[in-house]
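Note on naming: letters A, B, ... go to the chains in the order of the sequence lines (proteins, then strands), and numbering restarts at 1 for each one.
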There are 2 protein chains.
Amino acid sequence: MTTIFSIEDEEALVSLLEYNIKASGFKFEHSTNGYDAMMKLQKSNPDLILLDWMLPDIAGTEVCKFVRSNKDLKNTPIIMLTAKGEEQDLLSGFEMGCDDYITKPFSPAELIARIKALLRRSSDDSREMILSYGNIKLDTGSHRVYCCDEEAKLGPREYRILEFLMKNPGRVYSRQQILDNVWGTNVYVTDRTIDVHIRRLRKALSNTEECKVIRTIRSSGYSLDTNS
Amino acid sequence: MTTIFSIEDEEALVSLLEYNIKASGFKFEHSTNGYDAMMKLQKSNPDLILLDWMLPDIAGTEVCKFVRSNKDLKNTPIIMLTAKGEEQDLLSGFEMGCDDYITKPFSPAELIARIKALLRRSSDDSREMILSYGNIKLDTGSHRVYCCDEEAKLGPREYRILEFLMKNPGRVYSRQQILDNVWGTNVYVTDRTIDVHIRRLRKALSNTEECKVIRTIRSSGYSLDTNS
DNA sequence: GACATTTTTAACATAACTGTAACATTGACA
DNA sequence: TGTCAATGTTACAGTTATGTTAAAAATGTC
């Protein structure tokens, strides 16, 4: 689960943060001072850090510097919290590598919006690449699929199933695994539904014999493989 | 040539600025008071403005407000010059849309460094170039779009969407990505709004069949691509 | 402040996709 | 070979995503 780590000493604010962050479906962790934070951060390895610029022990810049120089944490986005009137800190903040800032007092909605925006920006599942197996090519950048150099027209679900299977060609996935990865967990869908989508996928990839690469492993599932 | 416009009344400082700015290869222009500056800025249309916060006639905020509300100047970066001890001005400065500040006295090296940093940042957006894809050409200098050699009339938003899509032809962007990049992060706009703009964009680019290059990827987003 | 332009929302229409059920087929095993 | 369970196939109806239009809201302009 996506984890937000807050470094903030003001109790009332911590409660507010915790409530809103949890309500938005994130995991919440926190420290009330800089040294504690530096210890915990290493283990926690959160997805985003909320950093109060005014801490009881050390300056926010120091925490920032620590994060940026740490191998595991260096790419973790940081949002700094500053009080009204501390705008001159913004420059040093950005220079130290903060990604965004928000001025106290702030609305929870705004904070959540900024958190989500930053997470979006730093998430890397939008990488472009070309997966290929046999005569099938799948371009995640343009969402196009080619089968023996002809474009295959797939529905969104079929596309995602194929993308999933192509990440590990040859490997057998159970219907449940396919469901979890393509539909998402806790979704109520019959197993038979998968068969239907597999059918559609096969149909779309049937230009030539070499394109028929979805193998049924009876009582186990499906895989991308030569049918042999 | 890149032009730096200074608004500063202290003669000694003007000489210092002029010398260093010219030595760094920029063109130097200046005014010694706010009203004069507002008149000259319009014609000069500089690449960056150095604004002393304490002017003999009007407050720096007023000049700032003027620049930001002027069609041609609104994107010009502003560095404000403040005297030590005027830190409280920074708040209003940033609120008015200043991009950076520097406290007097400052080292010429630091000033030049900040100028260059700001120019770099703003040049990414304002570099003039002609993007082209298929029969569509987009001139970022004149903000004109040609579709099969005829000019297409686009609204500002449509223009920016097209410009964004043209930076990576073929690549699929989700509505959220389009929002982040065209509207900016943490903006509350419905997804449907994008569809409407896409509709207008398509309408404007429909001279011929070859001009219809916005592809819908159901449940994923849009891309600039042949529809095949 | 009135006007024109642009942007956003809302409502509805249309097209595309999805899941289910019902039935057909296949393969394993006694 | 008959039986059973698993999978293949098909068609359809419900659902969802997108297209389209118009009007309200916001913004810029004179």
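Using a 4.0 Å heavy-atom distance criterion, B:Ile194 is classed as making no nucleic acid contact. Across all strands shown, B:His197 has heavy atoms under 4.0 Å from base atoms, whether or not it also approaches the sugar-phosphate. Nucleic acid contact for B:Ser219: sugar-phosphate only, since backbone atoms but no base atoms lie under 4.0 Å from a heavy atom of the residue. At the heavy-atom level, B:Thr190 lies under 4.0 Å from the strands shown only through sugar-phosphate atoms. Counting non-hydrogen atoms under 4.0 angstrom, B:Arg218 reaches a base of the nucleic acid.
Under the rule for a side chain to side chain donor-acceptor pair (under 3.5 Å), A:Asn207 has no partner lying at least two apart in sequence or in another chain. In terms of the side chain to side chain donor-acceptor pair (under 3.5 Å) criterion, residue partners of B:Ser31 (sequence neighbours excluded) are, by chain and number, B:Asp36.
The overall bend of the helix from C:dG1-D:dC30 to C:dA30-D:dT1, read as the angle between its terminal helix axes built from five base pairs each, is 30° when rounded to 10 degrees.
Annotation: the span from B:Thr32 atom OG1 to B:Leu55 atom CG amounts to 9.0 Å, rounded to 0.5 Å.
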Per-nucleotide protein contact along nucleotides 19-26 of chain D, 5' to 3', at a 4.0 Å heavy-atom cut-off (B base, S sugar-phosphate only, - neither), is BSB-----
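In this structure, the CZ atom of B:Arg157 is 11 Å from the P atom of D:dG28, given to the nearest Å. When the P atom of D:dG8 is taken as reference, atom CG of A:Leu201 falls 12 Å away, rounded to whole Å. Atoms CZ (A:Arg160) and C1' (D:dT16) sit 15 Å apart, rounded to a whole Å.
Using cut-offs of 30° and 60° on the angle between ring planes, the pair B:Tyr173 and B:Phe164 is tilted.
By the 4.5 Å heavy-atom criterion applied to side chains, B:Val145 and B:Leu205 are counted as neighbours. Counting heavy atoms from C-beta on, the side chains of A:Glu163 and A:Val182 never come closer than 4.5 Å. You'll find the side chain of B:Tyr133 reaches within 4.5 Å of the side chain of B:Asp225, heavy atoms only.
The minimum heavy-atom distance linking B:Leu41 with B:Pro46 is given by the pair CD2-CG, 3.8 Å. The minimum heavy-atom distance linking A:Ser223 with A:Val172 is given by the pair CB-CA, 3.7 Å.
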Atom pairs and distances, donor-acceptor, side-chain atoms in residues 19-28 of chain A, under 3.5 Å, two or more places apart:
residue	atom	partner	partner atom	Å
A:Asn20	ND2	A:Leu16	O	2.8
A:Lys22	NZ	A:Glu18	OE2	2.7
A:Ser24	OG	A:Asn20	O	2.9

Run the side-chain contact (heavy atoms from CB on, under 4.5 Å) test on A:Trp183 and A:Ile178 for me, step by step, so that the C-alpha distance in whole Å, both residues' side-chain angles and the decisive distance to 0.1 Å come before the verdict. CA-CA 8 Å; A:Trp183 273 258; A:Ile178 295 173; 4.2 Å; yes
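You can see that DNA chain C meets the heavy atoms of chain B within a 4.0 Å-exclusive cut from C:dT6 to C:dC17, reading 5' to 3'.
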